[in-house]
Amino acid sequence: MKLWGGRFGKETDSRMEAFNASIQFDRRMWAADIRGSIAYARALERAGLISAEERDVLIRGLEEVAGEFASGQFVFLPSDEDIHTAVERRLRERVGPVADKLHTGRSRNDQVATDLRLYLLDEIPVLRRHLKGLQEAIVDRAEEHLEVIMPGYTHLQHAQPIRFSHWLMSFFWAFARDQERLREMERRVSVLPLGAGALAGHSLGIDRRYLAEELGFEAIGENSVDAVSDRDFVAEFLFWAALLQVHLSRLAEDLILWSSAEFGFVELDEAYATGSSLMPQKRNPDSLELLRGKAGRLIGHLTGLLTTLKGLPTGYNKDLQEDKEPLFDALDTLRLALPVAAGVIRTLRVHPERMAAALDDGILATDLADYLVRRGVPFRQSHYLVGLAVRRAEKLGVPLRSLPLPEFQAISPAFGPDLYEVFDHHRSVEARSSEGGTALSALREQIARAREVLSLESSTERSGVL
Ligand code: ARG
């Protein structure tokens, strides 16, 4: 019998049944659904709607059904439209007609929104731990390679030398913002819809504050219409996931490029590479390509959900059933992407000699301009004068440091014989000791702050919302 069968005189078309069903994907919410129902049975008893014995029968029955799910024994029937229907149907089979009292005052509208929030609240700490694992891998490797200097790029052109660790740490802070966003979001996920009924609330004296406390929600939805139709928390989560994957894609792209034969700056561990079925020599960076490629998928989920939500009429509409697959897929994607990214970073081989070989003189042109600034030349002019020197060296076909002093002095008398001291990449990075800069002292401070951020992260874990 369908939950809503009473007013219908006709069978549902079988294709409509398949089209309508969400059981294929919402079954994973069984634990949240049963938790919600156990709390609801307690609330019904407190409201005097069922007896204490009936409550206990319902709770025991629900626990048995949970046991069937946990052990993989639960048998779905073709008539199980969604997880809520399936649990209630099985409960009735186990405890008899008292099961019919469980749904008093409740709608699947407030039930499904509650389940989804509970489900996501359980997943958030898992994601936080995976993300933290990646952050730790980054800091550990950064600390290990403090002395490695490489070309820093803008527009993918040589810009200024930086420490390899400095590049690596740049991603730490992007992921730290992702951590922060997730922590802040948790508060908005932790709002109870249950007790909103179909849309208008209920008339039966069921205590929503009690339900919130039982289920560990921080707050209750203040408006029952909003409570059943609000999917902001899913949209927000999907944005979070998409942005995190965008960060992963950028990290991946740098490493894909740098592991090419032309760069050879880094080498991907075999555990994270795959071969070619045709070319025996190939070692392809598939892990990184997928970290890059999955960003398209997650951006798609965000766009898809926002498109579903746009212009929906007030209240629950079946369109909202489309919220789950993108959410679940985003969770599944990140549950693998984050540990893979951490593994790639932990096992990456770094080739400092290849990075050093890529450091040319041009990349020190800013240092030469700074040299002139220290000798009293206004920066705009020194920039121009060094530009002339670069052009002259190019014309003569020599590296900048081989341009003889008279050539430099013909460009500007401000150039002195000590200008050649500038041509030292180590000196160049050490000069950038501003906070957040690439000098060793600044980098060590940055790493120390990152470690602090990580230890704070451990202390807020599981404590729930800040
Ligand atoms: N499977 C539905 C969903 O995921 C459950 C809610 C159904 N509500 C309804 N009024 N038909 O949204």
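Atoms within each ligand, like the ligands themselves, are counted from 1 in listed order. In what follows, every heavy atom counts, from backbone to side chain, and hydrogens, waters and symmetry copies are set aside.
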Do Arg141 and Ser165 meet the criterion of a side-chain donor-acceptor pair at a distance under 3.5 Å?
-> no
Knowing that exactly one of Glu54, Arg42, Glu64 qualifies, which makes a side-chain contact (heavy atoms from CB on, under 4.5 Å) with Ile59?
-> Arg42
Check: Phe76 ring centroid to Phe74 ring centroid under 6.0 Å = yes
Against heavy atoms of Asn109, which atoms of ligand 1 measure under 4.0 Å?
-> 8 (N), 9 (C), 10 (N)
Identify, for atom 6 (C) of ligand 1, the protein heavy atom at the shortest distance, and state residue, atom and that distance.
-> Tyr316 OH, 3.4 Å
Nitrogen or oxygen of Gln321 less than 3.5 angstrom from that of ligand 1 | yes
Can a donor-acceptor pair be found between the side chains of Ser51 and Arg55 at a distance below 3.5 Å?
-> no
Enumerated ligand 1 atoms positioned under 4.0 Å from heavy atoms of Lys324 = 3 (C), 4 (O), 12 (O)
Begin with the C-alpha distance, continue with both residues' side-chain angles, and end with the deciding distance and a verdict on side chain to side chain contact (heavy atoms under 4.5 Å, CB included) for Val266 and His351.
-> CA-CA 6 Å; Val266 295; His351 295 307; 5.9 Å; no
If you measure from atom 5 (C) of ligand 1 to every heavy atom of Ile23, Val228, Leu199, Asp82, which option wins on shortest distance?
-> Asp82
Provide, to 0.1 Å, the distance between atom 11 (N) of ligand 1 and the closest protein heavy atom, together with that atom's residue and name.
-> Arg108 NH2, 3.6 Å
